[in-house]
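We use all heavy atoms of the structure for the numbers below, so side chains are in, but hydrogens, waters and symmetry mates are not. As the structure is a computational prediction, the values presented were derived from the model and not from experiment. Residues take their numbers from the sequence shown, with the count starting at 1.
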Amino acid sequence: MRRRPSFKLITSSLILIGLAVTAFAASRPTSVPQAATHLGSFVWTLPDNSWFGGFSALSLDAKGQNALVLNDRGQIASAQVQRNAKGIIDAVVVTQRDALRNQRGAVIKGDAHDSEGLAVDADGTIYVSFEQDPRVARYSAPDAKAAVLKRMSAFQDMPENKGLEALAIDHRGHLYTLPENTLNAAGHIPVWKWNGRKWREISALERRGWFMPVGADIGPDGRFYLLERAFMLFGFSTRLRRWDLDETGLHGEATLLKTGIGTHDNLEGLSIWRDDHNRLRATMISDDNFMSLQRTELVEYLLPN
């Protein structure tokens with residue numbers, strides 16, 4: 001997540017204090033009642049690359065081997081995810097990196113490049129949501145010109161730095177997006193759907209506590225998954241919720257995961273897929289805020305069917 005300098009300075013200081021105290025808590029989850037089972041955590045490093053870090057979104061292929069990652073500075077990269085015999089990540093290799101472009105084909109700069117959400121259609125079309133200057137853009141390839149989808153008035157009325165944080169796509173190519181911290185009149189999280197012609201609000205989710213939405217995906221089971229993050233003085237806490245999805249909206253909320261503070265880093269990107277044993281997996285990636293005391297971490301959990 002990207003913030004204005006004045007706010008980011010305060011937030012960064014708190015993060016530094018918190019992470020220094022927790023000293024990078026072990027990646028193994030604490031004993032929290034949950035429906036998900038931790039499979040592994042991999043710390044991803046890429047020295048001497050100034051673009052690397054700040055990852056806000058992740059999309060994995062059906063086999064969990066090829067990834068598209070996006071950071072909040074408009075950088076998008078393809079990578080191969082290498083796994084050991086037990087299916088646990090042991091390496092990630094970048095194969096291509098591009099800077100997102102605007103409608104004229106120029107590299108996006110300034111607040112306009114605050115890219116947060118990522119969704120990939122079955123034909124390879126890429127969609128990106130942006131927090132500053134809230135919008136969703138379509139790309140035929142990572143280095144292609146942007147085609148901005150028609151905006152609804154709700155996007156234009158969003159407060160600064162509270163725009164479109166998460167993005168997901170279903171099997172029909174319909175998009176779903178929601179903000180990080182812009183609530184409706186009832187204090188709920190609005191979920192908007194793009195049906196190929198226009199946006200409309202289809203659901204409003206209970207916020208529940210201090211958690212805020214940071215990532216979303218629609219799994220191979222057709223259900224809607226929401227990754228949420230809470231920041232406390234001593235670190236980050238992660239929550240993963242799931243709903244059934246149909247034409248009338250989201251139903252049947254279930255909390256699959258809620259970690260203790262400091263269990264993982266600042267997880268923001270989410271991808272749901274099935275492994276070779278037909279088990280649902282959630283793969284998440286962290287935003288290190290380009291800070292040395294944080295880390296880029298890929299975390300995987302086994303989910304109940």
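- By the neighbour-count criterion of 12 heavy atoms within 6.0 Å, atom CG of D123 is densely surrounded, having more than that number from other residues, nucleotides or ligands.
- For S237 (side chain) and K258 (main-chain N/O), no donor-acceptor pair under 3.5 Å exists by modelled atom type.
- Minimum interatomic distance between I189 and R207 (heavy atoms only, all atoms of both residues): CD1-CA, 3.9 Å.
- Across every non-hydrogen atom of V69 and F55, the tightest pair is CG2-CE2, 3.7 Å.
- In the hydrophobic clustering (ILVMFWY side chains linked at under 4.5 Å, chained through shared members), W194 is joined by Y127, V136, L149, M152, F155, M158, L164, L167, I169, L175, W192, W199.
- Note on R229 versus E180: salt bridge recorded, some NZ/NE/NH1/NH2 to OD/OE distance being below 4.0 Å.
- There is a path of hydrophobic side-chain contacts, each under 4.5 Å, that joins L68 to I108.
- Within the 4.5 Å cutoff, no side-chain heavy atoms of F130 are placed close to those of D114.
- By the side-chain contact (heavy atoms from CB on, under 4.5 Å) test, D98 pairs with I76, Q96, P142, D143, sequence neighbours left out.
- The shortest side-chain heavy-atom distance between Q65 and Q80 does not fall under the 4.5 Å cut-off.
- No donor-acceptor pair under 3.5 Å is formed between the side chain of S41 and the backbone N or O of V299.
- Considering only heavy atoms from C-beta on, R274 comes within 4.5 Å of D221 through its side chain.
- With rounding to the nearest 0.5 Å, the separation of CG in L267 from OG in S286 is 6.0 Å.
- No donor-acceptor distance shorter than 3.5 angstrom exists from the side chain of S271 to the backbone of S59, with no hydrogens or angles considered.
- Considering every non-hydrogen atom in both S115 and S56, the closest pair reads O-OG, 3.0 Å.
- Side-chain atoms of T182 never come within 3.5 Å of backbone atoms of P179 as a donor-acceptor pair (strictly under, hydrogens ignored).
- With sequence neighbours left out, D275 forms a salt bridge (Lys or Arg N to Asp or Glu O under 4.0 Å) with R279, R281.
- Both I272 and L227 are part of a single hydrophobic cluster, where members link through side-chain heavy atoms under 4.5 Å apart.
- Nearest approach of V81 to L60, heavy atoms of both residues: CG2-CD2, 4.0 Å.
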**Request:** I would like to know whether R208 and R239 meet side-chain contact (heavy atoms from CB on, under 4.5 Å); could you show each step before the answer?
**Result:** CA-CA 11 Å; R208 304 200 188 286; R239 184 171 69 191; 3.6 Å; yes

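- In this structure, the side chain of N71 engages the main chain of G53 through a donor-acceptor pair within 3.5 Å.
- A heavy-atom distance below 4.5 Å is found between the side chains of L280 and R242.
- Side chain of N49 to main chain of W51: no donor-acceptor pair is present (N/O by atom type, distance under 3.5 Å, no hydrogens or angles).
- For the pair S203 (side chain) and L250 (backbone), a donor-acceptor distance under 3.5 Å is present.
- Judged by distance alone, the side chain of T177 and the main-chain N or O of A166 form a donor-acceptor pair under 3.5 Å.
- For N84 (side chain) and G87 (main-chain N/O), a donor-acceptor pair under 3.5 Å exists by modelled atom type.
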**Message:** If you apply the rule side-chain contact (heavy atoms from CB on, under 4.5 Å), what do you find for T259 with Y301, and how did you get there?
**Reply:** CA-CA 12 Å; T259 69; Y301 277 82; 3.9 Å; yes

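- Cluster annotation: W243 and Y225 are assigned to distinct hydrophobic clusters (Ile/Leu/Val/Met/Phe/Trp/Tyr, side-chain heavy-atom contacts under 4.5 Å, transitive).
- Using a 4.0 Å cut-off between a side-chain N of Lys or Arg and a carboxylate O of Asp or Glu, R172 and E247 qualify as a salt bridge.
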**Message:** Set out, in order, the CA-CA distance, both residues' side-chain angles and the distance that settles side-chain contact (heavy atoms from CB on, under 4.5 Å) for H264 and M284, then state yes or no.
**Reply:** CA-CA 10 Å; H264 302 300; M284 294 164 280; over 6 Å; no

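- Cluster partners of V93: none. The rule joins Ile, Leu, Val, Met, Phe, Trp and Tyr whenever side-chain heavy atoms lie under 4.5 Å apart, and it links nothing here.
- Taken to the nearest 0.5 Å, the CG atom of L100 stands 7.5 Å off from the CD atom of Q75.
- Counting only N and O atoms by type, the side chains of D90 and Q82 include no donor and acceptor under 3.5 Å apart.
- Between the NZ atom in K193 and the CG atom in L178 there is a gap of 15.0 Å [rounded to 0.5 Å].
- With sequence neighbours left out, H188 forms a side-chain contact (heavy atoms from CB on, under 4.5 Å) with N184, A186, A204, E206.
- Taking 4.5 Å as the limit, every side-chain heavy atom of L240 sits out of range of all side-chain heavy atoms of L226.
- The salt bridge (Lys or Arg N to Asp or Glu O under 4.0 Å) test with R295 is passed by exactly one of D287, D288, D265: D265.
- The side-chain contact (heavy atoms from CB on, under 4.5 Å) check on D244 picks up R223, with sequence neighbours excluded.
- By the rule that hydrophobic residues join a cluster once side-chain heavy atoms approach within less than 4.5 Å of another member, L70 and F52 end up as members of separate clusters.
- Look at R83 and E300 and you find a salt bridge, because one of the NZ, NE, NH1 or NH2 atoms lies within 4.0 Å of a carboxylate O, short of that distance.
- Residues V191 and L205 are in side-chain contact: their nearest non-hydrogen atoms beyond the backbone lie under 4.5 Å apart.
- Between E165 and M212 there is no side-chain heavy-atom pair separated by less than 4.5 Å.
- Nearest heavy-atom pair across G64 and D61 is N-OD1, 2.8 Å.
- Summarising the geometry of A57 relative to L118, their closest heavy-atom pair is CB-CB, 3.5 Å, with the distance given to 0.1 Å.
- No single ILVMFWY cluster, assembled from side-chain heavy atoms under 4.5 Å apart, contains both I88 and V92.
- For the atom pair L257 CG and L303 CG, the distance stands at 8.5 Å (nearest 0.5 Å).
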**Request:** For D72 and E116, run side-chain contact (heavy atoms from CB on, under 4.5 Å): C-alpha distance rounded to whole Å, both residues' side-chain angles, the deciding distance at 0.1 Å, then the answer.
**Result:** CA-CA 6 Å; D72 57 15; E116 293 288 347; 3.7 Å; yes

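- Contact check on R241 versus E228 returns a salt bridge, with a Lys/Arg side-chain nitrogen under 4.0 Å from an Asp/Glu carboxylate oxygen.
- The CG atom of L46 lies 9.5 Å from the OG1 atom of T296; values are rounded to the nearest 0.5 Å.
- The structure places CG of D246 at 13.5 Å from CZ of F224, a figure rounded to the nearest 0.5 Å.
- Remark: side-chain polar atoms of N289 are not paired, donor with acceptor, to backbone N or O of M291 under 3.5 angstrom.
- Side chains of L245 and I218 form a contact here, defined as non-hydrogen atoms less than 4.5 Å apart.
- Between D133 and R151 there is a salt bridge, since at least one side-chain N of the basic residue sits less than 4.0 Å from a carboxylate O of the acidic one.
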